[in-house]
Amino acid sequence: MKSSLPKVLMLGWEFPPVINGGLGVACHDLSSAMSEIADITMVVPKTSPGFKMKNMNLVGINNIDVNTFDHHPVEGASLPYKIHNVRADINPYYSTNIEGYSVEGGGSSTASYGTTDRERLQAFNIDSLYGGDVIQKVMQYADITASLASKMDFDVIHAHDWMTMLAGIKIKEQTGKPLVMHIHSLEVDRSGPDNRGWVYQLEKKGMEIADLLLPVSQFTANIISQHYGIDSGKMKVVHNGSMPVNAFKSKRRFKEKTVLFVGRLTRQKGPEKFLEIAARVLQKDPDVRFVMAGVGDYFKSVLERSSYTGIGNRFHMTGFLDQEKLRYLFSVSDVYCMPSISEPFGLSAVEAAHFGVPCVISKQSGVSEVLNGALKFDFWDDNKAAGYILNLLHDKTLRNKVIEDASENLKDITWDISARKIVNAYAEKQFI
Amino acid sequence: MPSICFYFQVHQPFRIKNYSFFDIGHSHEYEDEAKNQQIMNKVADKCYIKTNNKMLDLIHRHKGNFRISYSISGTAIEQFEKYRPDVLQSFIDLANTGCVEFLAETYSHSLSFIFSKPEFERQVSKHAAMIKKYFNQVPKVFRNTELIFNNELAAHIDGMGYKGIICEGADRLLNGRTPNYLYNTVNGKKIKLLLKNHRLSDDIAFRFSDRGWKEFPLTVDKYKKWVYDVAGNGETINLFMDYETFGEHQWESTGIFDFLDHLPGAIMEHPDFDFKTPSEVVDSYPTRDTYDVHEFCSWADTERDLSAWLSNSMQSESFKRIYAIESDIKEINDPKLTNVWERLQTSDHFYYMCTKFWNDGDVHKYFSPFETPYDAYMFYMNVYSDLECIVKRKLKKVRAPKIAKAKTIRLQANDGKAIGEHPALTS
């Protein structure tokens, strides 16, 4: 039965148990949904030996037996190698280092899978062996994956984000198989439209060579055409899905209503916007608490601004939180606010919706295309966002309506639907 | 005949714990009991017990001619009561010699003078009552937290009936004059000012073990000569420092206790020099000039101003918040709650939030129980938020009975039958 399914070689970077943010979760959830209708081999830099996926062949480069590995150097990249853990110990979604805070992740769908000091140390050993920079790792990954691919049978190469693009390009050149690129996040989102560094160049080249692009939203598709000059004809928008959530409600431990922000405190996520919105809401209603969960390079400046603005008693920054604490926060919140400046999707809003928390989200987000049960504003319009929050806090009818509509939308935000769209897209393009 | 006037500051704050957002409304334990106890034990063993024994010995040895003074904050005394009553007893023993004066200060070592005069006065009188209770003295000389001082404070303290006040002899305010005389304040107030001789004080407190200092090592003979140099140009040499200098900031291995052991005898070899407590200095000497201080000065950091506690927005925000609930706290009038609020006024909490770095930042970091000033601020504001919830709840209760107590008028018909009841609100 399974042999008749389309064979997909997936190239991932973050994958449980080694994840830093939403990408790892999305790759995991999507590939498990796709494994029902496709034969998937997923190659990632690192997995733990005990970690298995149903219906799926998961290859962690760190777990390959060195002796059985038949190495075919590609394009003269000959290394007398031993296979070590190629650990993604860079964090491609933080733009700068975070002083004073050691961070594993931070984001709604972020899980923290602890690594011991010993493992960390090993990762640094590897750094010294291969060179510690990211591009080195990306090249290493490309090289090893291309060698593995030469012995595999597949119909489609499916790469996720820029870290795996080089590998995708190599395998396409080597095998002539069609290359699909799934775009979860772009350098333009993370660093702003003026950034034209090497990551941007890699993304642009990769997307030019790819045969099919799968942006996670129309918003991202537009960025791809506007900022990378790619023809929209080879794009097919596939919105993210979401896993069913065991949602619950908890009783707040204080009287004030609570507005929540969850995400990395980076420019892209608009943490300063959240602060400005909070200040506006508090002018009208002082009995609201604003909670900002996450860490990032904006942490200190936002904290200082919250005190400068004089809302220190109503603006709470929690730092990094584990899943349990995040879920608790969702369960006590009255409004979820996502003021992202450029958000390819925004799974955290979907998670909030699962918890029955009405969302106020920026229009500059992918999730706003699928979550109609949400109030939407342009990220620069904090006046409007503040108004929405006040309305949701005080107008029960509006509140219930938004929650009700969102729960309707959730029925259509599933990974099964995303998976089917993808396989259909393969077929339309006659890859399978 | 110049006098040496020693005043030692004894203070320990109730440090707050890493109180997270999730504790708000859930846990009302704000303080890091374990850490407070541990630090108290450490300082008691390294400094308080040892130095008190030394002082007692010196007083006996010099037959009452060695005289000193202390200012002990209320929070420090509470920690002695709680963790180290033996330390408290050794201070009482010192008080019983009659050679030791205890000064007045704010109970929780707070900056209340800047933010609320009524709270300031409440804390000063609470502190005085405690001094009376343990040491059987009524303080006559006042010292404000970290020697924070200006003309307004002097006038206020004068109005409260004190005869002297301890302050920093800041170079920029002395303008070339010596700190070794008593000064008066402006506007004809009677109160006399004792100015810290910061050079001679800090030689002991900060530079004693500094190997990079050109005068290292500091010997009793050398120090004695510097003191004698004052002869003819001063009447009181005010050596003011943290008591923890002995054994804590300057470890025993630096020889600080030996230095202390020999210093009084060496100085008194010169018949013109003696030791006096601040009150005795005030009674013995006239003022020689005016010390005119418009803006606050203090003994902290190189700036000697308020910047250690009030130079960034996190500090001003938390100060603003804690004093904003003063009227509510006083209306509720619950001694336990007032105590919690009072402890949150302790200046150390704000000192930990200081983001000035370089040399002084190191000092801030040394004393801070927190990793960063940002942590200090966040945990403080979380604690504040919980306190605010309690205050709101209690305020409601306090106000509620007033309405419930309102008289009820029963309406009666001609035949005496009740027709109804209506509450009559009294004003």
Side-chain angles (χ1 to χ4, degrees), chain A residues 98-102 250-262 265 275 278-279 282 286-322 324-333, chain B residues 18-28 309-325 328 341 344 349-350 352-357 361 365 368 370-397:
Chain A
I98 300 135
E99 289 169 25
Y101 288 90
S102 87
S250 311
K251 196 173 169 333
R252 256 197 326 265
R253 289 160 176 168
F254 41 79
K255 206 175 103 268
E256 295 81 11
K257 290 175 174 164
T258 304
V259 180
L260 178 65
F261 170 106
V262 173
L265 307 192
L275 180 78
L282 288 168
D287 290 329
V288 184
R289 289 190 194 276
F290 290 81
V291 182
M292 182 170 246
V295 286
D297 48 346
Y298 274 53
F299 191 95
K300 286 181 186 176
S301 65
V302 171
L303 188 67
E304 280 183 310
R305 270 187 68 185
S306 72
S307 61
Y308 177 74
T309 317
I311 57 170
N313 61 329
R314 289 287 180 269
F315 195 86
H316 304 276
M317 300 183 72
T318 66
F320 171 74
L321 296 180
D322 59 26
E324 192 194 338
K325 287 225 163 73
L326 272 178
R327 290 163 59 79
Y328 169 77
L329 270 186
F330 278 120
S331 77
V332 295
S333 292
Chain B
N18 291 4
Y19 187 93
S20 86
F21 170 76
F22 297 93
D23 292 321
I24 301 172
H26 183 60
S27 157
H28 310 309
W309 310 274
L310 263 169
S311 59
N312 70 39
S313 58
M314 298 187 289
Q315 293 169 316
S316 21
E317 171 72 353
S318 36
F319 266 121
K320 189 179 103 190
R321 292 292 163 197
I322 200 69
Y323 285 102
I325 54 172
D328 293 345
W341 176 65
L344 288 174
H349 302 310
F350 310 95
Y352 306 147
M353 297 176 198
C354 186
T355 45
K356 284 193 304 177
F357 281 109
K365 212 177 157 124
S368 179
F370 300 110
E371 270 182 46
T372 68
Y374 304 93
D375 285 347
Y377 169 72
M378 275 189 294
F379 297 132
Y380 185 87
M381 286 312 281
N382 288 339
V383 165
Y384 169 80
S385 296
D386 186 69
L387 181 66
E388 196 191 26
C389 292
I390 296 173
V391 166
K392 274 194 177 172
R393 211 172 48 232
K394 293 212 170 191
L395 204 56
K396 226 176 168 180
K397 265 193 200 161

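All chains are named by letter (A, B, ...) in the order of the sequence lines, taking the proteins before the strands, and each is independently numbered beginning at 1.
- Taking 4.5 Å as the limit, every side-chain heavy atom of A/Phe254 sits out of range of all side-chain heavy atoms of B/Asp386.
- Within the 4.5 angstrom heavy-atom criterion, no atom of A/Arg305 approaches chain B.
- When atom types are taken as modelled, the side chain of B/Ser313 and the backbone of A/Glu304 share a donor-acceptor pair closer than 3.5 angstrom.
- Ranking B/Gln315, B/Glu317, B/Lys320, B/Met314 against chain A, the residue ahead of the rest is B/Glu317, based on heavy-atom pairs under 4.5 Å.
- Taking CD1 from B/Ile322 and CG from A/Asn313, the interatomic distance works out to 11.0 Å, rounded to the nearest 0.5 Å.
- Residue contact with chain B, scored on non-hydrogen atoms closer than 4.5 Å, is absent for A/Arg252.
- Taking 4.5 Å as the limit, some side-chain heavy atom of A/Ser306 sits within range of a side-chain heavy atom of B/Tyr377.
- Interface remark: A/Phe315 contributes no atoms to any contact with chain B (heavy atom separation under 4.5 Å).
- Between A/Lys255 and B/Glu388, none of the side-chain N atoms (NZ, or NE/NH1/NH2) sits under 4.0 Å from a carboxylate O, so this pair counts as no salt bridge.
- For A/Val332, no part lies under 4.5 angstrom from a heavy atom of chain B.
- Remark: A/Ser250 pairs with A/Ser331 by the side-chain hydrogen bond (donor to acceptor under 3.5 Å, both in side chains) rule, at least two apart or across chains.
- Although no hydrogens or angles enter the test, the distance criterion places a donor-acceptor pair under 3.5 Å between the side chain of A/Arg253 and the main chain of B/Phe22.
- Residue B/Ile24 holds its CD1 atom at 9.0 Å from CD of A/Glu256, rounded to the nearest 0.5 Å.
- Residues B/Ser385 and A/His316 share a closest heavy-atom pair of OG-CE1, 3.1 Å.
- Between A/Leu303 and B/Met381 the shortest side-chain heavy-atom distance does not fall below 4.5 Å.
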